[in-house]
A.B. asks: 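Got a structure here, written out as structure tokens. Questions coming.
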Number of protein chains: 2
Amino acid sequence: MTDSTVVPLQALKVSCSNCTLRELCLPLGLNREEMTRLDAVIRQSRRLKRGEALFRSGEGFKSLYAVRTGFFKTCISSQDGREQVTGFHMSGELMGLDGISANVHGCNAVALEDSEVCELPFSRMQNLALEIPSLQHHFYRLMSREIVRDHNVMMLLGNMKAEERLAAFLINLSQRLTVRGFASNDFILRMSREEIGSFLGLKLETVSRTLSKFQQQGWIAVDHKHIQLVQPEQLKQLVAGCANAHPTPNH
Amino acid sequence: MTDSTVVPLQALKVSCSNCTLRELCLPLGLNREEMTRLDAVIRQSRRLKRGEALFRSGEGFKSLYAVRTGFFKTCISSQDGREQVTGFHMSGELMGLDGISANVHGCNAVALEDSEVCELPFSRMQNLALEIPSLQHHFYRLMSREIVRDHNVMMLLGNMKAEERLAAFLINLSQRLTVRGFASNDFILRMSREEIGSFLGLKLETVSRTLSKFQQQGWIAVDHKHIQLVQPEQLKQLVAGCANAHPTPNH
DNA sequence: AGTAAGCCTTGATGTTGGTCAAAGCGTTGG
DNA sequence: CCAACGCTTTGACCAACATCAAGGCTTACT
């Protein structure tokens, strides 16, 4: 609409210290000086269009990325072209942790809507972490949380039935939206049925059919990508049995 | 056989600096002083009997553990008792990384044969990591490697057929044995068919049937837990198509 | 605004792997 | 050394999900 040069400078100069996502992505209890040093390292606001890749598997690893606004999927693909979505990522979530091990990105990260990310140059973050113990600890915690999440996905893929998987998926989305202050029972899916299926180890037809089934039972209302959870308790009940017996609190 | 008090002291005093697993579990290029400090923090040799748990989901998290000798499984269980094996672990491999995020262990770690582990008290390791940059980096790399491994398991569970899963499993075991200097085509499975199945998202009968099928084709020889890979190339070929298109080198 | 492409839904049919059952073999512990 | 238990194998049958196919709807591009 307007040329970017006329956007007030203030709007561009978003720093970690005043970012609304602070408690989602940064360690708590940094003092002013530490915050300033962090601000100096993190590059704000790289923008991506829907469909654009933030990084691709095999590319050199330089930085982690935090979602600022928008929505991403990460996925890996096999030699013969099968794709596995390894995660969906919304504001405050970090992507690229799998690139550290070999200094090469291990997955593709693709924006599912127009999005904005913060770039965290990893080697500079590492140096900072040596001097700010809570930052070091914070990164260990973040990586550990990703491992916990992955193990729960294994449980989902290894043990759960189609209905359980989809219910778990919807409840999970709903909870993450709640944390971010969005409506938890009324949302737009940013991904296609095929991408949901890839993540859940199902075919797109099964995803579609299962959504229809939930709708018939009056548990949800489906209008294409617009989903309403009418009876979320029913979904939760469906997931209750197969959920981790020792769920890890998120913080 | 003999009482432990008569074992020569030398045999008990194994330190990281002279451990044969050094290049599997420690960062390279530590100087003598750094090594000494590491030795001071890592507690050697806790022994476990077959079937014994090293830690359990929900217990307070204090330490990471490195397998010294033996073999472990890690698993999580759901409220209604379904179990998902999240990994098998052999010498030089680290367990417990999922406990960092919430200060509580996120899985059970169980010895599948008589085993020995080194204990790495995490908070002391963290402090050490602040002073030894390569140690800090090493831990980031280890955790990242676990994430990469988990993503590959997702691909396995989400996209691969029973035969592909089992072939991938056998090839993976074989490769890890090779690295450790063991025979790569002739080994004893330490886990049951059911545990293999749990890891691969299959039922034990399917595991058994698929092993039989491989044997009929002359690719492997199965004698209960004793497995020989007669034509490992065939197994590799089966896995080739569904393997990660951008495999991450292990180091 | 019109049109093509992509996405979603639904139905009919097929296949893989799960379930149930029984028997053999090994191992362990008394 | 024997008995009991657990693990494995194999067969018969079944269910869940995949595959194939067609039609409708939405979106995006010109």
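All of these numbers come straight from a predicted model, not from anything done at the bench. Just so we're on the same page: letters track the sequence lines, and every chain starts at 1.
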A.B. asks: Let me know the distance between CG of B/Asn159 and P of C/dT16, rounded to the nearest Å.
C.D. replies: 17 Å
A.B. asks: Mind calculating the distance between CD1 (B/Ile196) and C1' (D/dT9) to the nearest angstrom?
C.D. replies: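 My rounded result for the distance is 14 Å.
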A.B. asks: Would you call B/Met90 and B/Arg180 a side-chain contact if the rule is heavy atoms closer than 4.5 Å?
C.D. replies: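 Yes, close enough: below the 4.5 Å cut-off.
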A.B. asks: Reckon B/Lys213 touches a base, only the sugar-phosphate, or nothing at all at heavy-atom distances under 4.0 Å?
C.D. replies: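 B/Lys213: no heavy atom of the nucleic acid under 4.0 Å.
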A.B. asks: Strictly below 4.0 Å, heavy-atom distances to any atom of DNA chain C: list the hits from residues 81-88 of chain B, or just say none.
C.D. replies: none
A.B. asks: Just the rounded figure in Å: distance from C1' of C/dT27 to CD of B/Glu113.
C.D. replies: 17 Å
A.B. asks: Measure from CG on B/Leu204 to P on D/dG6 and round the result to the nearest Å.
C.D. replies: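 It is 14 Å, rounded to the nearest whole Å.
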A.B. asks: Tell me, with the steps shown, if A/Arg149 and A/Glu146 meet salt bridge (charged side-chain N to carboxylate O under 4.0 Å, His left out).
C.D. replies: CA-CA 5 Å; A/Arg149 191 191 70 85; A/Glu146 170 71 18; 3.1 Å; yes
A.B. asks: Measure the distance from CD on B/Glu195 to C1' on D/dT8 and round it to the nearest whole Å.
C.D. replies: 14 Å
A.B. asks: Could you give the CD-to-P distance, from B/Glu164 to C/dT15, as a whole number of Å?
C.D. replies: 17 Å
A.B. asks: Could you walk me through whether B/Glu83 and B/Ser198 satisfy the side chain to side chain donor-acceptor pair (under 3.5 Å) test, starting with their C-alpha distance in whole Å, then the side-chain angles of each, then the deciding distance to 0.1 Å, before giving a yes or no?
C.D. replies: CA-CA 7 Å; B/Glu83 178 173 294; B/Ser198 170; 5.0 Å; no
A.B. asks: Looking at D/dT10, I'd like to know if its phosphate oxygens (OP1 or OP2) sit under 4.0 Å from a side-chain N or O belonging to B/Ser212.
C.D. replies: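 Yes.
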A.B. asks: Less than 6.0 angstrom separating the ring centers of A/Phe199 and A/Phe88, yes or no?
C.D. replies: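 Close enough - the centres of the two rings lie under 6.0 Å apart.
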A.B. asks: Let me know the distance between NZ of B/Lys225 and P of C/dT27, rounded to the nearest Å.
C.D. replies: 10 Å
A.B. asks: Within the side chain of B/Arg82, is there an N or O that forms a donor-acceptor pair under 3.5 Å with the backbone of A/Asn159?
C.D. replies: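 Yes; judged by distance alone, with no hydrogens or angles, the pair exists.
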A.B. asks: Taking atom types as modelled and ignoring hydrogens, do the side chains of B/Glu116 and B/Ser45 form a donor-acceptor contact shorter than 3.5 angstrom?
C.D. replies: yes
A.B. asks: When rounded to the nearest 0.5 angstrom, what distance separates CE in A/Met95 from NE2 in A/His105?
C.D. replies: 10.0 Å
A.B. asks: Quick one: B/Leu157 CG to C/dG17 C1', roughly how many Å, whole number?
C.D. replies: 14 Å
A.B. asks: Looking just at side-chain N and O atoms, do B/His151 and B/Asn244 make a donor-acceptor pair shorter than 3.5 Å?
C.D. replies: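 Result is no, nothing qualifies.
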A.B. asks: Looking only at the side chains, is there a donor atom on one of A/Thr69 and A/Ser91 sitting less than 3.5 Å from an acceptor on the other?
C.D. replies: no
A.B. asks: Between the side chains of A/Glu119 and A/Ser63, is a donor N or O closer than 3.5 angstrom to an acceptor N or O?
C.D. replies: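 Result is yes, a qualifying pair exists.
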A.B. asks: Polar atoms only, N or O, under 3.5 Å: list the protein pairs with nucleotides 12-19 of chain D and their distances.
C.D. replies:
| unit_1 | atom_1 | unit_2 | atom_2 | d |
| --- | --- | --- | --- | --- |
| D/dA12 | N6 | B/Arg209 | NH2 | 3.4 |
| D/dC17 | OP1 | A/Ala162 | N | 2.8 |
| D/dA18 | OP1 | A/Lys203 | N | 3.4 |
| D/dA18 | OP2 | A/Lys203 | N | 3.3 |
| D/dA18 | OP2 | A/Thr206 | OG1 | 2.3 |
| D/dT19 | O4 | A/Arg209 | NH2 | 2.8 |

A.B. asks: Can you give one letter per nucleotide of nucleotides 22-30 of chain D, 5' to 3': B if a protein heavy atom sits under 4.0 Å from the base, S if only from the sugar-phosphate, - if neither?
C.D. replies: ---SS-S--
A.B. asks: Do NZ/NE/NH1/NH2 and the carboxylate oxygens of A/Lys49 and A/Glu52 come within less than 4.0 Å?
C.D. replies: no
